[in-house]
Amino acid sequence: MKLDAKSPEGPLARKWEKYRGEMKLVNPANKRKYTVLVVGTGLAGSSAAASLAELGYNVKSFCIQDSARRAHSIAAQGGINAAKNYSNDGDSIWRLFYDTIKGGDYRAREANVYRLAQESVNIIDQCVAQGVPFAREYSGELANRSFGGAQVSRTFYARGQTGQQLLLGAYSALMRQADLGHVEMFPRRELLDVVLIGGRARGIITRDLVTGKIERHAGDAVLLCTGGYGRVYFLSTNAMNSNATAIWRAHKRGAFFGNPCYVQIHPTCIPVSGDHQSKLTLMSESLRNDGRVWVPKKKEDLKKHPNEIPEDDRDYFLERKYPSFGNLVPRDVASRNNKEVCDEGRGVGASGRAVYLDFRDVIKRDGVKSIAEKYGNLFQMYEQITGENPYEVPMRIYPAVHYTMGGLWVDYNLMTTVPGLFAMGEANFSDHGANRLGASALMQGLADGYFVIPSTLGNFLGTVGPSKVSTDAPEFKAAEDAVRLGIAKLLKVSEKGKKTVTEFFRELGLVMWEYVGMARSEEGLKRALKTIPALREEFWRNVRIPGTGEEFNKELEMAGRVADFLELGELMAKDALHRKESCGGHFRVESQHPDGEAKRDDANFSYVAAWEWKGENAEHVLHKEELNFENAHPTTRSYK
Amino acid sequence: MSGGMNLNLIVWRQENAGEPGRMMPYKAENISQDMSFLEMLDVVNERLINEGKRPIEFDSDCREGICGACGIVINGQPHGPKRGCTTCQLHMRSFKHGDTIVIEPWRSRAFPVIRDLVVDRASFDRIIQAGGYISAKTGSHADANAILVPKDDSDKAMDAAACIGCGACVAACPNASASLFTSAKISHLALLQQGKAEAKARVTRMIERMDLEGFGNCTNIGECESACPKEISIDMIARMKREYLKAMFAPIPQQKADAAG
Ligand SMILES: Cc1cc2nc3c(=O)[nH]c(=O)nc-3n(C[C@H](O)[C@H](O)[C@H](O)COP(=O)(O)OP(=O)(O)OC[C@H]3O[C@@H](n4cnc5c(N)ncnc54)[C@H](O)[C@@H]3O)c2cc1C
Ligand code: FES
């Protein structure tokens, strides 16, 4: 199969307009005849479901949580980018496009990224109209700040709760459509399979998480807006219910998986405090605008209280190595440097796996009050978790898995390699290349849902036309049987199983973090490729799950997700092993410049790796989408 | 890390909405001060599973105080003893060795128990569905800066919009009223220029829905405010009452009443 990205012809800035000018439309009166299944209610899913319902389609909306409003997007803190140039500091659609391509280390598709930058401006208008309470200036106009690696102020925010407010905006649009009877809501449901009829996605199989009932839903298209797969590392900033099950099961039905090894590790998280740790908490990147990162120069000083270490004995290593960007280098660069100083034995805290993020100087300069205004809620959160007061003692931070740039491969229409199956938001691979810029995930989720899919789905449905399928079709029965069998198999193993789901999950996470984490080597990846299948084999022999399938049973839910992570983890290692270059969040120790900076290899790796599933006992097959840079010409990323 | 606390837990166990529930004793051993309350329950659950018993079911997702999924009544207080703090953010340094901790679900007619500490809060979604939104169409709109919102209004709207919909206000209220939750949304939208056009229809419909769901009346007791993990002020309820009175004296335009039906 040849991958066709379906990027429209013509000059970059005209592609999207041309596409919309030429696409097929669905007659308004006919829209009622189509049912769209939208899985996920994060920014991508809520905005898509609301927009499609508004256009007149029948929409069914599914999510795992008890309410659509709790999707993981709610946790985003820092902000959302848009090329409004309200700050008059030289921003433009082109610049946002260029920054995104460069930040992604030249591993994203130009046409998609340009469209994203174009739609970014509409998102803010839409959100304000819905009543999203963005931060404002005294003039009543919207406020902006600069964020992670950008030299312009294009980030819009709502205190430290931007994701929450954007999601509540999209959720309110969704509730409005539910009120009008255009959307039917299915909370506490988990997608367990995608149903294909005649090669096209025509439905899904879900489990009701309260009663355990297995259900069939038919439709004209299926949209997967199910978020990222960072939980494969067990410890991450992702929510407890974040998972890969939806995209992984779609993958096994024929959707190629794009760039699975591209993972973003966020430099500023609260370090692990013990074996009980269930997840990690992010401290917003905005802190790096004012905090200074350091470790002691001398190992002997590690025992000292940080405030007693004199200025001359502190190593502000980011400022030292990157004089022009200093503490504001992109996430991947900051994370790797944090790890390096800890590997040298200069890490602080009880575990030795942390660096200081110090606000002493800025507090001296601007006063406690000004810092409290900017970061009060974050400081409070830090204190709640660690019991330490960051106004007086420097924060301790360490990198943690945060975001997955990889995901289901999609074309310009956001359609996967399965016709009628679309992937949006963090669940697809599309816009961030090998590294995502801060405040760009929220932008992508909402661009996909509010502005892209309403056009591209219409084009698809307008092309295939209406047709009914029944949930009695044999394909539905077969998929439901397979789901039931999967659950029965888990519970059967469990009769003799000795190890809990969490024990397996934690073990997998350690392997992934050690070998498929911040620095990856051929040797380590090969070890992961031995360890993960062995762990998977043990899981299917020895996992212990309480209870039955016909009731509310969180352990059973988790067991299914961990089973999928045990397969996905292997593919991530395989992808990381095949990509011998370093790029963005993917750092291969064999591919670095003499000064330790990542070394990209455009001659051999300027492509998207899209992996095809060939069955339980067969090897994945690699397909390549070559990337052409006609506008943003690859250069070496340098932040020195 | 300082470890080693032993605690006695008394936990509400209930198999499903149909079965009666009861309080059961458990031991939590070797608990570190650095654990969150939910991590402490994770530890207890791992042990129960290893002993072939059913773990204690509870809801949680973000575990950083923003999604509103978690919510447990701890020693009679929703989200436990710390002010402005969700159950997932509560850490075990708030307890000491030998403590007995009573752990129960939210209790309200409008929040039926699903299992153990998990309750059904779908009634909150239905209150929002009854007009807790601005009817802005999805699609293109005027430039965002075409609407100027005074910073003060916008800050106040944000204070209200910070609600995470956890339901602690209902759990804390002797009348099981949902007034703090409902009034927070009404205030958020009433404070913004964009929300004013529909303000009257909104307040009327949302309050009707709240009553229909079986929540009790607000008698200004104020327990909701002290239980709220986002410290949302009871002033919101006063604003809701004012908005409601305004709506009563100015009949709702016919069109809006239709949409309500
Ligand atoms: C702590 C944190 C802070 C962040 N801060 C920022 C920021 O400041 N700026 C920024 O741009 N980005 C930020 N991000 C990234 C950003 O929040 C996410 O990438 C984005 O919100 C993902 O949105 P989504 O709609 O794709 O998926 P999600 O919001 O993750 O939603 C997934 C949805 O899918 C549902 N689902 C999943 N699996 C299934 C299944 N099998 N069956 C049924 N339903 C399913 C879930 O229930 C949920 O409704 C942050 C991320 C984290 C973790
Ligand atoms: S788990 Fe999200 S608020 Fe507690």
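Within every chain, numbering begins at 1; the chains are lettered A, B, ... in the order of the sequence lines, protein sequences first and strands thereafter.
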Side chains of R63(B) and S36(B): any donor to acceptor distance under 3.5 Å?
no
Once side-chain contact (heavy atoms from CB on, under 4.5 Å) is applied, do any residues pair with V113(B), and if so which ones, sequence neighbours excluded?
Q14(B), P105(B), V119(B)
Check M240(A) against S60(B) and note the closest heavy-atom contact, atom names and distance.
CG-OG, 3.8 Å
Please confirm whether the ring centroid of F124(B) lies under 6.0 Å from the ring centroid of F111(B).
yes
Which region of K53(B), side chain (C-beta onward) or backbone (N, CA, C, O), has a non-hydrogen atom less than 4.5 Å from a non-hydrogen atom of chain A, or is it both or neither?
backbone
Applying side-chain contact (heavy atoms from CB on, under 4.5 Å), can you list everything that pairs with C228(B), at least two apart in sequence or on another chain?
L180(B), K230(B), I232(B)
Among A157(B), G68(B), P150(B), G195(B), which has the most heavy-atom pairs under 4.5 Å with chain A?
G68(B)
Whether K279(A) and E64(B) form a salt bridge (side-chain N of Lys/Arg under 4.0 Å from carboxylate O of Asp/Glu) is what I want to check.
yes
Heavy-atom distances under 4.5 Å only: say whether N238(A) touches chain B with side chain, backbone, both or neither.
neither
K96(B): side-chain contact (heavy atoms from CB on, under 4.5 Å) partners, not counting sequence neighbours:
D99(B)
Salt bridge check: are R506(A) and E46(B) linked by an N-O gap of less than 4.0 Å?
no
Checking E141(A) against chain B: side chain, backbone, both or neither under 4.5 Å from a heavy atom?
both
Select all residues of residues 121-128 of chain A having any heavy atom within less than 4.5 Å of some heavy atom of chain B, and report them by number, or 'none'.
I124(A), D125(A), Q126(A), V128(A)
